Amino acid sequence: MTDTRFDPSVADGRWQRAWAQGGTFTADSDSPKPKSYILEMFPYPSGRIHMGHVRNYTMGDVLARYQKMRGFEVLHPMGWDAFGMPAENAAMEKGVHPGGWTRQNIAQMKAQLQRIGFALDWTREFATCDPEYYGHEQALFLDLYEAGLVYRKESTVNWDPVDMTVLANEQVIDGKGWRSGAEVEKRKLNQWFLKITDFADDLLEGLGSLEDWPEKVRLMQENWIGKSQGLEFSFDLSDGGKLAVYSTRPDTIFGASFCAIAADHPIAQGLASDPEVAAFIDQCKKGATTAAALETAEKLGYRAPITARHPFTGADLPVFIANFVLMEYGTGAVMGVPGHDQRDFEFATKYELPILRVVATDPARADEPFKGEAEAGDGVIVNSDFLDGMTVEAAKQAVITRAESEGWGEGRTVWRLRDWGVSRQRYWGTPIPFIHCDACGVVPVPKDQLPVTLPEDVSFDIPGNPLERHPTWKHVDCPKCGKAARRETDTLDTFVDSSWYFLRFASQPADRPFDPEEVAKWMPVQHYIGGIEHAILHLLYARFWTRALAHTGKIAVQEPFAALFTQGMVTHETYSRIDETRGVPVFFGPEEVDRTSEGATLLADGAPVEVGRVIKMSKSKKNVVDPDAIIARHGADAVRWFMLSDSPPERDLPWSDAGIEGCARFVQRLWRLFSAYDAGATGEDKGLDRKTHQTIAAVAADIEALGFNKAVARIYELTGATEKAAPSASRSSAIRALVHLAAPMMPHLAEEAWEKMGGEGLIADAPWPAVDPALLVDDEVTIAIQHMGKLRDTVTAPKGASKEDLEALALASANLQRSLDGAAVRKVIVVPDRLVNIVT
RNA sequence: GCGGGCGUGGCGGAAUGGUAGACGCCGGGGACUUAAAAUCCCCUGAGCUUUGCUCGUGCGGGUUCGAGUCCCGCCGCCCGUACCA
């Protein structure tokens, strides 16, 4: 056999063309095979594929190819989340059209993905900026409108002054815009909303059924939805008014010693004619918003000139305007129970308000003093009239029941989740299909007039919404009365685009968003893979959208993604020097640096640079490695192999040159082994047969559990064992097996080897090798011999040897006898096929 | 504060309560070569009085014949999240 090198620069393209021409990965909805839908979160077309994409898509690709070999009809599509701000930024900076810029990026990135050899069904490719796609999205939006799930209202919104658009609550992080980082302002605007809160309970309940989602993501969504149950009730105020408060601890109502209202509460606003009150309100609004600052921020209050009457005791409680009460939650007012709420405790201490005990560890300790902090824990109710002696839970219910029967309050569930504001004052998004008519009000665009397409001739030379200032686009006639009217110029949040794209992949008729029957064949997605950064936004919206469509009878599934996997980031060490004049670090890219095991030097001057922490690849730290350059140098299979090796997929993967070189070496090593394949070899090697079958079973189990790093290790082991084995029929079948095992991970190498050894058709179409259960167990096992749990010797014994035999074998060990040193044996523990432990 | 995760060689990491460190990377030694690359072989947790012994999975306890794994109490790091009443 010739021992030539595997040349990816030839083989990669060759097999990529073969798969494309053969339609190898085109999914057939009408196939009788069981279906498997493998999906990775589709990319935003920024222009370049980065290593994070490569890792994400490689994992999905291994699953897709493996499932195909296991006999599934696999749907593994790819498309583009193509609307969004960066295209408009490019338009503003470079004077290009967002559409043209996006299309060009898509073409580039598609070519990159194809060079990695992903098993994608490109016939289903689309971009969300295709009018066909967003036209159907407009139709779905109108359906939801008819179903009462879309509404419009004037509301205070989060306004990003840099991007000049509205942000959803989910997009405001620490008071700053998630994209621009600018301090978010409050503005009042007429906005479109989706009634996600109608599904709050359902979305929360549904989390329980998502067993194959990471616990972490489910908890994050649970916290985000934020269900709490309590009592809403009103205090009668001394000025004749009422003050509604909400509490999750109505059991502590007898411990209330004050009331506190938010600075923007109507009552506070009503008092703002007093300059002192106005000044205090101002002070509250300037308050810190960062986590660290809030942690230490002092509780401040302003004593309002009114009191609130306690519904049971009749006591007059002072009312404060307080900086720690939020208008957005509950009623914007609370009853202060200092004994059993830490914030109230701090506040009461500062303003010398009574701190009453109404919960104690037992009734005898009803007057025990507090130890410098509130006691929020469980216990028995004390000092509380008719509640005395009850548990916290029972008392909650008793107060709610009493309030409801007496009519001064009622049990209420409060959600942290807000309705989803989807209006964006941007050009590059899906136009919201409505028309504003002075006579008819807000009128939906008739479905036969969809899509409402974006105008091409727009300018980006000034900030704001180009649709709003376009000379003609928004001027249309009212579909109802025919009079002059105006188009809605807001576009939809791009998270709407990604809330149903998986349905369009499954089915894409021209005249409808999707065909429910086709969708039913593929949904739910069997494996959904992407970054943890979408744990709340995208994944919650997609779950909501799917439910909303199910609610309107369009589809049957409630949950779009049966299993979710969040992969780790690709990281790299950083190289930097401190700039002497400015005192800040200057970073260098990996290609500018010579890295040895001792350290790193700059190629330009040969002087050392500091090797920094291994962190997520980012442009600002210059620790980015471009996939294209690596693929050009080492081939697609080496990169794919690297993405799967070493690190468990949910953890970060540190990129290293040594690592990729090792992978490239292994590709060649496998190629040499494959080249040594001899179809005519004879003779049996039972040991190797066992190893082969054990490896096939283990690799399958590892892939199914997404333990790619472990599957990789198994393949290394079998490779080593096969290399060492003498030629035999067993060795030849081991090599054949290795080609199959490698096929999902290193598909180009596998195809090339498969062809060379005369395999039929493409290995991508071949079935996964069958396992002989008889070969999964060894006939000889290694038995550990222990004395008092410490290893003293090992011996080999036939599989299934009796306890007596194993004990005799152990006692015959010279090493064990030396350790025993004549001591009397008290007990012998024998674990069959495992170990013998002598206790003295 | 709350919630979650993690802590094992120089590094990434293996290990149903049963031989800790599989597999890979780095490093060292050797073979082949005029030489280099490639390849192949051997070594590679620490220590010691080295047929073997002792120690060793963040720290301190515990359960067990036996603990990286289970229990209790700490420490550290990472991620998420928050004056949510």
Side-chain angles (χ1 to χ4, degrees), chain A residues 3 5 173-174 214-220 222-224 226-228 230-231 245-250 252 260 262 287-289 291 293-295 297 299 322-326 328-337 340-344 346-347 376 414-416 532-533 535-536 571 596-598 614 641-642 645-648 650-654 656-663 665-666 668-669 672 707 709-717 719-720 723 782-794 814-815 818-819 826-831 833-840:
Chain A
D3 190 2
R5 281 177 57 80
I173 295 150
D174 273 347
E215 179 70 16
K216 181 190 174 77
V217 175
R218 287 193 282 169
L219 274 163
M220 284 167 75
E222 188 180 323
N223 291 337
W224 189 265
K227 181 180 189 174
S228 71
L231 172 70
V245 300
Y246 173 74
S247 172
T248 56
R249 292 294 304 275
T252 63
T289 50
L294 283 172
E295 190 75 32
K299 307 275 178 284
N323 66 345
F324 67 93
V325 180
L326 302 175
E328 297 80 49
Y329 190 79
T331 61
V334 298
M335 65 169 185
V337 184
H340 306 284
D341 180 283
Q342 185 57 27
R343 288 159 309 183
D344 297 347
E346 288 169 30
F347 190 82
V414 166
W415 305 87
R416 209 185 85 103
I532 186 74
E533 68 273 18
I536 296 172
T571 58
T596 66
S597 54
E598 285 87 45
V614 178
W641 189 248
F642 185 90
S645 303
D646 295 350
S647 290
E650 69 278 9
R651 284 202 221 168
D652 290 351
L653 172 69
S656 74
D657 287 344
I660 185 67
E661 279 158 24
C663 291
R665 274 201 300 277
F666 184 64
Q668 297 301 335
R669 185 178 154 199
R672 284 192 299 275
N709 57 323
K710 288 188 251 177
V712 162
R714 305 275 190 187
I715 291 174
Y716 272 116
E717 283 186 59
T719 301
E723 282 169 340
T782 305
I783 304 293
I785 297 175
Q786 298 179 337
H787 175 207
M788 303 298 286
K790 283 189 189 298
L791 183 70
R792 287 295 175 250
D793 206 350
T794 58
N815 285 348
R818 190 170 41 249
S819 180
R826 290 198 295 129
K827 195 173 173 187
V828 179
I829 312 261
V830 181
V831 181
D833 297 333
R834 276 267 175 205
L835 61 77
V836 180
N837 186 16
I838 310 291
V839 183
T840 56

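Naming convention: chains lettered A, B, ... in sequence-line order (proteins, then strands); numbering from 1 in each chain. Note that the structure is a prediction, hence the values are computed from the model and not measured.
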Of the candidates B:G12, B:A82, B:G18, the side chain of A:R416 sits closest to B:A82

In whole angstroms, the gap separating P of B:U81 from CD of A:E533 amounts to 12 Å

**Asked** Given B:C23, is OP1 or OP2 found less than 4.0 Å from the side-chain N or O atoms of A:R714?
**Response** no

task: Could you work out the separation of B:G56 and B:G66 based on their P atoms and round it to a whole Å?
output: 15 Å

Using the C1' atom in both, what is the distance from B:G3 to B:A82, to the nearest Å?
11 Å

Of the listed B:G18, B:C40, B:G12, the closest approach to the A:L835 side chain comes from B:G18

Relative to its sugar, using the 90° cut-off around 0, the base of B:G62 is anti

Regarding the side chain of A:R651, the nearest nucleotide among B:G13, B:G52, B:U39 is B:G13

Note: for A:Q786 and A:E723 on RNA chain B, the residue whose nearest nucleotide lies more 5' is A:Q786

message = For a quick check of understanding: with a heavy-atom distance under 4.0 Å over all strands, which category does A:T248 fall into, base, sugar-phosphate or nothing?
response = sugar-phosphate

Testing B:A85, B:C23, B:G13 for proximity to the side chain of A:Y716, the answer is B:C23

note: A:I715, atom CD1; B:A22, atom P; distance rounded to Å ~ 19 Å

Side-chain contact check for A:K827: nearest option of B:C53, B:U19, B:C65 is B:C65

- prompt: Can you find a side chain N or O atom of A:K790 that sits less than 4.0 Å from OP1 or OP2 on B:C55?
  reply: yes

Q) With rounding to whole Å, what would you report as the distance between B:C70 and B:U16 at their P atoms? A) 11 Å

Contacts of A:L219 and A:E717 projected onto RNA chain B by closest heavy atom; the upstream (5') one is A:L219

Using Watson-Crick geometry (N1-N3 plus N6-O4 or O6-N4) or G-U wobble (N1-O2, O6-N3), each under 3.5 Å, B:C2 is paired with B:G80

- Query: Any side-chain N or O of A:R665 under 4.0 Å from OP1/OP2 of B:C26?
  - Reply: yes

ask   = When the ring planes of A:Y246 and A:Y329 are compared, do they come out parallel, tilted or perpendicular, using 30° and 60° as the limits?
value = perpendicular

With the side chain defined as heavy atoms from C-beta on, A:R672 is closest, among B:A22, B:C40, B:G18, to B:C40

Notebook entry, point to check: How far, in whole Å, is B:U63 from B:G73 if one measures between their C1' atoms?
Noted result: 15 Å

Discussion item. What's A:S656 touching, base or sugar-phosphate or nothing? Going by heavy atoms closer than 4.0 Å.
Written reply: nothing

- Does the distance from a Lys or Arg side-chain N to an Asp or Glu carboxylate O, for A:E215 and A:R218, drop under 4.0 Å? yes

Pairing partner of B:C65, by Watson-Crick or G-U wobble and under 3.5 Å for both distances, is B:G18

From CZ of A:R818 across to P of B:U54 the rounded distance in Å is 11 Å

Testing B:G13, B:G52, B:C53 for proximity to the side chain of A:N815, the answer is B:G52

Give A:V839 one of three labels, base, sugar-phosphate or nothing, depending on what nucleic acid heavy atoms sit under 4.0 Å from its own.
sugar-phosphate

Rounded to whole Å, CZ of A:R826 lies from P of B:G66 at a distance of 10 Å

Does a side-chain N or O of A:N709 approach OP1 or OP2 of B:G12 to a distance below 4.0 Å, or not? no

Q. Expressed in whole Å, how much space separates the P atoms belonging to B:C42 and B:A36?
A. 22 Å

- Contact class for A:V325 (heavy atom, under 4.0 Å): base, sugar-phosphate, or nothing? base

Student check: side-chain heavy atoms of A:R343 and A:V334 closer than 4.5 Å:
no

- Query: Would you say B:A15 has OP1 or OP2 under 4.0 Å from some side-chain N or O of A:K710?
  - Reply: yes

Notebook entry, point to check: Can you find a heavy atom in the side chain of A:T571 that is under 4.5 Å from one in the side chain of A:P654?
Noted result: yes

Which of B:C84, B:C83, B:G12 is nearest the side chain of A:Y329? It is B:C84

Next on the checklist: Can you confirm whether A:D341 sits close enough to A:R249 that some side-chain heavy atom of one is under 4.5 Å from a side-chain heavy atom of the other?
Outcome noted: no

When rounded to whole Å, the CG to C1' distance for the pair A:D344 and B:G1 reads 15 Å

Out of B:G12, B:U16, B:G4, minimum distance to the side chain of A:D646 belongs to B:G12

The Watson-Crick or G-U wobble partner of B:G24, with both key distances under 3.5 Å, is B:C11

* Asked: In whole Å, what separates the C1' atom of B:U34 from that of B:U44?
  -> 32 Å

Pairwise side-chain contact, A:V325 with A:F347, heavy-atom cut-off 4.5 Å (strictly under) = no

Note to self: Using atom P in both nucleotides, what's the gap between B:G58 and B:C11 to the nearest angstrom?
What the structure shows: 13 Å

What one should report as the nearest heavy-atom pair of A:L791 and A:A784 is CD1-CB, 3.8 Å

Against the side chain of A:F324, the closest entry in B:G18, B:C83, B:G52 is B:C83

Taken to the nearest whole Å, CG/A:D833 to C1'/B:U19 is 14 Å

### Task
Please determine if a side-chain N or O atom of A:R792 lies less than 4.0 Å away from the OP1 or OP2 oxygen of B:U54.
yes

Answer with base, sugar-phosphate or nothing: what part of the nucleic acid does A:P214 contact at a heavy-atom distance below 4.0 Å? nothing

From CG of A:N837 across to P of B:U64 the rounded distance in Å is 15 Å

Exercise. Between B:G18 and B:G29, how far apart are the P atoms? Round to whole Å, please.
Key: 39 Å

Is there side-chain contact between A:R818 and A:N815, with heavy atoms separated by less than 4.5 Å? yes

Rounded to whole Å, CE of A:M220 lies from P of B:U81 at a distance of 5 Å

Using Watson-Crick geometry (N1-N3 plus N6-O4 or O6-N4) or G-U wobble (N1-O2, O6-N3), each under 3.5 Å, B:U39 is paired with B:A31

All heavy atoms of A:V337 vs all of A:D344, minimum pair found to be N-OD2, 2.8 Å

